[in-house]
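Written out below as structure tokens is the structure these notes cover.
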Amino acid sequence: AVGYFVMGFRIDAPPQGGAGGEITMLAQRQLTAEQRVEKAIVDILYNKKAAWLAGVVMIGERKVLDAVPPHNTAATNGRDEYYCRAFVDGLSDAELRGLVLHEVWHKLKRHTTVFEHLWKLDARRANMALDYVNNLEIRDEFGDWAKLPECGCIDEKFRGMSEVEVFNALKQDGGEGEPGEPGEGGE
């Protein structure tokens, strides 16, 4: 069987459809959080549906930290990506691919610059609005191959709405937070 290596671990090659290789639970436990994030990146780059994201995936640095305020999940500043070690350790391979794609999606759509005005009004609500739109798009594009973690913002009532429309809908629902800087919202 053909395989590739990530940080010294042999990973089975993706199936013909490019769905991404899987590792056994034993091997998964041996991988560090940093190695698992790298493996998720390789899976994304090898996936035929995700290969078009390669240029964005390769932008910036990726860091696994002990804490990623405020929610200890993951974040991006629009260039670099930050992943909380404990959160990564608790995710399946499919959920980790979903998380990485989620952060890449923020970079792809230039959320920290395009929606800077929303961040200044209400960082928490802006992050939630962007997440709701991102997560529906990622789920539609990748299905179970890149599952979104249970704590992710996803709601069908926002389907077909723009980020600004979701932001305004959340305000009407009473979901207000504090003004802040891009990247403060967590995921």
Side-chain angles (χ1 to χ4, degrees), residues 6-7 20 23 28-45 50 53-139 142 145-155 158 163 166-167 170 175-187:
V6 177
M7 303 297 227
I23 58 176
Q28 181 176 333
R29 289 185 188 139
Q30 294 173 347
L31 294 177
T32 65
E34 290 84 356
Q35 291 168 330
R36 292 196 62 226
V37 169
E38 285 299 315
K39 180 193 173 307
I41 295 298
V42 171
D43 285 350
I44 290 165
L45 295 175
L53 290 165
V56 179
V57 168
M58 301 313 292
I59 291 172
E61 295 181 34
R62 227 166 261 104
K63 296 180 181 178
V64 176
L65 306 169
D66 291 330
V68 179
H71 303 293
N72 285 325
T73 55
T76 183
N77 60 12
R79 179 184 179 278
D80 302 318
E81 300 163 34
Y82 307 96
Y83 298 91
C84 180
R85 184 178 322 283
F87 189 68
V88 167
D89 288 342
L91 298 176
S92 69
D93 286 350
E95 289 171 327
L96 185 53
R97 286 190 294 264
L99 181 66
V100 170
L101 282 167
H102 175 91
E103 298 309 324
V104 168
W105 226 256
H106 282 303
K107 292 172 17 177
L108 172 73
K109 296 174 86 177
R110 300 178 43 234
H111 280 163
T112 58
T113 54
V114 172
F115 296 106
E116 183 177 13
H117 64 290
L118 297 181
W119 289 100
K120 288 180 178 178
L121 289 173
D122 185 335
R124 179 181 168 275
R125 188 164 34 111
N127 185 66
M128 289 174 65
L130 303 174
D131 284 356
Y132 278 119
V133 174
N134 276 2
N135 291 344
L136 284 170
E137 292 172 355
I138 292 166
R139 188 177 70 183
F142 300 102
W145 180 79
K147 293 173 74 169
L148 294 155
E150 292 292 321
C151 62
C153 295
I154 193 157
D155 193 327
F158 298 120
E163 289 86 349
V166 175
F167 181 86
L170 290 171
E176 295 209 39
E178 297 295 321
E181 295 297 318
E184 287 185 2
E187 290 183 62

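Keep in mind that what you see is a predicted model, and the values were worked out from it rather than measured. We count residues from 1, following the sequence as given.
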Just by modelled atom types, is the Glu81 backbone N or O under 3.5 Å from a matching donor or acceptor in the Arg62 side chain?
-> no

Is there a donor-acceptor contact under 3.5 Å from the side chain of Arg36 to the main chain of Val88?
-> yes

So, the side chain of Asp155 versus the backbone of Phe158: is there a donor-acceptor pair under 3.5 Å, distance only?
-> no

Please report the closest heavy-atom contact between Val68 and Ala74, naming both atoms and the distance.
-> CG1-C, 4.1 Å

Mind checking ring-ring contact (aromatic ring centres under 6.0 Å, His included) for Phe115 and listing every partner two or more places apart, or none if nothing turns up?
-> His111

Just how far is it from atom NZ of Lys147 to atom CG of Leu101, taken to the nearest 0.5 Å?
-> 14.5 Å

Any side-chain heavy atom of His106 sitting closer than 4.5 Å to one from Thr112?
-> no

To the nearest 0.5 angstrom, please state how far the CZ atom of Arg79 sits from the OG1 atom of Thr113.
-> 14.0 Å

For the student: nearest non-hydrogen atoms of Arg85 and Ala33, plus distance = CG-CB, 3.9 Å

Should Trp105 and Val133 count as side-chain neighbours, where that means a heavy-atom distance under 4.5 Å?
-> no

Which residues pass the salt bridge (Lys or Arg N to Asp or Glu O under 4.0 Å) test with Glu95, sequence neighbours left out?
-> none

Can you check whether Asp80 reaches Lys63 side chain to side chain, under 4.5 Å on heavy atoms?
-> no

Residue pair Phe142 / Arg97, side-chain heavy-atom distance below 4.5 Å = no

To the nearest 0.5 Å, how far apart are CG in Asp131 and CE in Met128?
-> 8.5 Å

Specify the closest pair of heavy atoms between Leu96 and Ala40, including all atoms of both residues, with the distance to one decimal.
-> CG-CB, 4.0 Å

NZ/NE/NH1/NH2 to OD/OE distance under 4.0 Å, Glu163 and Lys109 | yes

side-chain hydrogen bond (donor to acceptor under 3.5 Å, both in side chains) involving Tyr132 - partner list, sequence neighbours excluded = none

Side-chain contact, heavy-atom cut-off 4.5 Å: Met58 with Leu45?
-> yes

Any salt bridge between Lys39 and Asp43, counting N to O under 4.0 Å?
-> yes

Lys107 side chain near Val57 side chain, heavy-atom distance below 4.5 Å | no

Nearest heavy-atom approach of Asn72 to Phe87 is O-CB, 3.4 Å

Least distance between heavy atoms, Thr73 atom then Cys151 atom | CG2-SG, 4.5 Å

Looking at OH of Tyr83 and CG of Leu65, how far apart are the two atoms once the value is rounded to the nearest 0.5 Å?
-> 11.5 Å

Could you tell me whether Glu116 and Lys120 have a side-chain N and a carboxylate O separated by less than 4.0 Å?
-> yes

Would you give the length of the straight line joining atom CG of Asn135 to atom CG of Leu148, rounded to the nearest 0.5 angstrom?
-> 4.5 Å

If you round to the nearest 0.5 Å, how far is OG1 of Thr76 from CG of Leu108?
-> 11.5 Å

Is there side-chain contact between Asn127 and Trp119, with at least one heavy-atom pair below 4.5 Å?
-> yes

Nearest heavy atoms of Cys84 and Ala67, plus distance in Å = SG-CA, 4.4 Å

